[in-house]
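This report concerns only the one structure given below.
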Amino acid sequence: MPHVPSSVRRRLTRRAALALGVIALLVASAAALALVTLQQRVADGQEVNVAGRQRMLSQRTAKTALLLRHGAGDAAALDAELDADLEAWARGHRALLDGDARLGVPRVADPLVRERLRALSPLVREATAAVVALRRAVDAGDAARADAALARVLAAEREFLPRMDRAVFALSAGTARDVRRLQRGVAGLLLGMWGVLGLVGWGVFRPVIRSVARSMDEASAQGRLLRTVIDTIPDHIYVKDTQGRATLRNLASARALGFRDPSEATGRTDAEVAAGTEAAPLAAAALADDLAVVRTGVPVENREERALDGGWLLTTKAPLLGPEGEVAGVVGVSRDVTAARTAEARFRALVEHSVVGTAVMQDGRFAYVNPRMAEIFGYAQDEMTGMEVTTILHEDDRAMARENLRRRLDGEVDALTYEARGRRRDGRVIRLDLSGVRAEHEGRPAVIGTVSDVTERYEAERVLYHRAHHDDLTGLPNRALFASRLEVAVAQATSDGAFAVLFIDLDRFKVVNDSLGHSAGDRLLQEVAARLQAVLRPDDTVARLGGDEFAVLLSATPHPGHAEEVAARIQTALTAPVRIDGRDLTVGASIGVVTGRADHASPDAVLREADLAMYGVKAAGRGGQATFSASSHDETSQRMRLEMDLQHVAERDELRVVYQPIVDLADGRLAGFEALVRWAHPELGLLAPDAFIGAAEESGQVAEIDRWVLAEVTRQTAAWPADPGLLLTVNCTGPGLLQQAYLAAVDDALLAHRSAPRRLGLEITETLLVDDPEAVAAELHRLRALGVRFCVDDFGTGYSSLSTLHALPIDTVKVDRAFVAEMDADVRSAQLVLAVVRMGQALDAAVVAEGIETVAQLAALRAMGATYGQGHLFARPLAPEAAAALVGADDRPWAVHWATSDASLSRAR
């Protein structure tokens, strides 16, 4: 090696060192730039990969939701698939915004891309919420809510895809810029390095070249990865130049044009691809759109158009900008919406033919109504479109409807159902069931609502309610409604006298019902109801509690005694005769009055007190009114207890029959017996008729008692010694006599024990003849046909006329014991008895004097010409065995009185 001076060596060394330093610096800079760029390229590729997967997940979510709505597949599997897709969708979106080391995705740094990604967050949440609502609606079987939720899913997906596409395009554009920057940097470094390499030789640059080659291989791998991602996206993605020729197509776009390899579909316009086919006009229109975007720079967003294969596409096209910002072509995404459009068409057909009115409401007006909606309100569809929503509602319900519409639009409630009144075009008011959910229509908030005409159901429910709370016969409120109103009155009563209750029981109604039939009784009740309503105020309530019982609730009592005044008006209104079937019928009323007190515990307590007061009136002789007081409580309660105990008196064998002799006043001969009933009460002892017959009449048990006594008397006396002239009289009350079964009961009793009809006498009161003389006369003549005899009891206490009595088959009349008891001390009573005897003789009827206690009374009655007598002077009522023994006896216990009375008669003469 030649010698080289030290100065030259040092200079060469310095230069070599400088060159090596420069080369090292350039190499280090190139390596750093390539590393950073390549890392950014890898990150960008990962971002694009995740972004592309986001589009795929949104489409798959929409498809799975559509299948779930229409039941196309296993619901559990579809639910699981939805859960997985939604989780992956949300995780990918968070990764793009915040970065995810596990996925190898850094945080997106580009502000424009981040803004676009952030704008997609509400759509991801909306899709998730809509899927949850869809599941609930499908599980509940609510078709309307399911369709609304599905519409929300599809709307979120439709809006998500084009926005996601724009984000992908932005990411792709950033990647392209990075590649260009890398290429420029590498080229500059190469030029500098070639100059330096001329100084230091190939050996210095070989590592750098190898590093650049590796970087280019990695960039190529990233490009292939990006291509794979684009090809996996089911949407049609394409890039075209300024002439409309495709420079890039993904696999979905190529296959839509009939190519298996995307590279085969590039280099030609859509018009060139479809030339000579039926799709040529569609391809020409697509090319015109491409050129318009290049020319104007204005993007096309979410436009539906026909695909070349006959399907439907939702297309978005945007200008592709070059390095200097110039329009270098068109980038587009077209999504196949054929299935969604078909489903939408089916949904629209379903809505159009639905039996439920359906409408879309936006800005307070109808944006759409289906035919049924228009039919419900009597309009044509086009007439209702654009009409203000509340126009079809009743004026009083419009404010409520506006508020409900606002609540749904503001998101206070997801769905709302309520009832309202509608107003048809012809003015008729109808009843409606309304429901609605919040939705979107043409990108803006709206409400999808359904309407059902429930007028017929409402009317049916109203009729059923009326029937359930009103009496069918009179139309008055029934017991249930009366109790409800009384409960309100009791609850609101803050002082005594705040309200009053009148308990009304009709007198002698059972006689009318039994004698003239239920039809006459029903008409009588209807007339009574009308008269009660006529005397009351509009705010008062009159109700029929059942049978012949009514109740009145006076909503307010202006002054003390008001309730008693109303009761008096009611009695006056009911005293006027009622003309039914040509007869004038008169009914009275027994009225119990209770004035409301602040200490009344319940409506039952008020009614119970009014009932007790009414029973007090019945016990006192009917036809009056009484106000409840604690002092009368015990007596009335006792009467009510007797009524309840009477219900099973015959079944428990508690009735007894005793016999009081009837004596011939001419010679003291035994002429017969009056059969008297007694009640052997298990707690109160032996009760006379006066103690329980009134209660029996009110409870409806008296007719059964009459028939029992009749059968028992004929049974017992059948075994007595034969005496053809002996008469057995049995008391017969009005309700018992006028029942249709009484005639058969008499006939059966006589036949069962082979008793002679002439020995049986039926005693009726003179009051019965006054109450309903025509019905009584008819029944007496029918009984007379059997051969029985009749006696008018308490003769002289009623108001029957001689002409009425003369027309009846009367055999005997009885002088009331009250007149006989006063004969010795009161001359007028003696004269009255004499008048009754003369009347009986005028009727050609035997006269029986009751209640003879003294020999003086016996003598006086014999002198007047009375035929028979009975009383304690002769004998007290006898047990059946004692009476039978008296029939067969030769001696009479009362024979001694005849000598004394004969002496008195002699002195009187």
Side-chain angles (χ1 to χ4, degrees), residues 510-511 514-515 646-662 671-680 687-690 692-697 699-720 723 726-765 768 775-776 778-794 808-812 814 848 870 877-881 883-884 887:
K510 188 169 180 59
V511 175
D514 292 340
S515 60
L646 276 169
Q647 294 178 1
H648 305 288
V649 64
E651 298 174 8
R652 293 193 294 262
D653 194 26
E654 293 175 358
L655 294 179
R656 304 288 183 267
V657 177
V658 296
Y659 298 88
Q660 187 170 35
I662 299 175
F673 292 93
E674 179 182 2
L676 302 172
V677 66
R678 298 289 187 268
W679 181 9
L687 301 179
D690 291 344
F692 65 88
I693 287 298
E697 290 180 348
S699 65
Q701 302 295 315
V702 69
E704 181 181 354
I705 294 175
D706 282 351
R707 291 193 294 272
W708 181 90
V709 171
L710 179 65
E712 188 69 8
V713 167
T714 54
R715 183 188 68 81
Q716 290 178 356
T717 58
W720 289 6
D723 186 348
L726 195 68
L727 178 67
L728 296 171
T729 63
V730 177
N731 287 282
C732 178
T733 60
L737 175 68
L738 295 177
Q739 281 194 351
Q740 297 178 354
Y742 191 74
L743 176 65
V746 173
D747 193 25
D748 291 344
L750 294 174
L751 291 175
H753 304 290
R754 298 180 181 179
S755 299
R758 292 289 299 172
R759 293 184 61 188
L760 178 62
L762 302 178
E763 288 193 15
I764 61 175
T765 63
L768 180 61
V776 172
E779 191 65 24
L780 292 184
H781 283 293
R782 282 192 290 270
L783 287 167
R784 172 66 88 182
L786 297 178
V788 299
R789 291 187 279 179
F790 299 101
C791 176
V792 178
D793 198 7
D794 299 334
L808 298 176
I810 302 300
D811 299 285
T812 307
K814 279 192 172 183
V848 180
Q870 64 183 96
L878 305 173
E881 298 79 8
V887 173

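Hydrogens, waters and symmetry mates are skipped; everything else that's a heavy atom, side chains included, is used. The structure displayed is predicted, hence computed values, not measured ones.
Looking only at side-chain heavy atoms (C-beta outward), Ile705 and Leu646 come within less than 4.5 Å of each other. Taking 4.5 Å as the limit, every side-chain heavy atom of Leu676 sits out of range of all side-chain heavy atoms of Tyr659. Looking only at side-chain heavy atoms (C-beta outward), Leu726 and Arg759 come within less than 4.5 Å of each other. Pro877 has its side chain out of reach of Phe673: every pair of non-hydrogen atoms, C-beta onward, lies at least 4.5 Å apart.
Applying the side-chain contact (heavy atoms from CB on, under 4.5 Å) criterion to Pro689, with sequence neighbours excluded, gives Val677, Arg678, Ile693. Here Thr812 pairs with Cys791, Ala846, Val848 under the side-chain contact (heavy atoms from CB on, under 4.5 Å) rule; sequence neighbours left out. Under the rule for a salt bridge (Lys or Arg N to Asp or Glu O under 4.0 Å), Arg758 has no partner lying at least two apart in sequence or in another chain. For the ring-ring contact (aromatic ring centres under 6.0 Å, His included) test, no residue two or more places apart in sequence or in another chain qualifies with Trp708.
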Which pairs of donor and acceptor atoms, one on a side chain in residues 746-755, lie under 3.5 Å apart (sequence neighbours left out)?
none

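Checking Glu763 against Thr729 by side-chain atom types alone, a donor-acceptor pair falls below 3.5 Å. Side chains of Gln870 and Gln660: a donor on one and an acceptor on the other come within 3.5 Å.
Atom CG of Leu762 is separated from atom CG of Leu728 by 11.0 Å, given to the nearest 0.5 angstrom.
Sorted by first and then second residue, the pairs that involve residues 782-791 and meet salt bridge (charged side-chain N to carboxylate O under 4.0 Å, His left out), not counting sequence neighbours, are Glu779-Arg782, Arg784-Asp811.
Residues Glu704 and Arg707 are not paired through a salt bridge, judged by the lack of any N-O separation under 4.0 Å between the basic side chain and the carboxylate.
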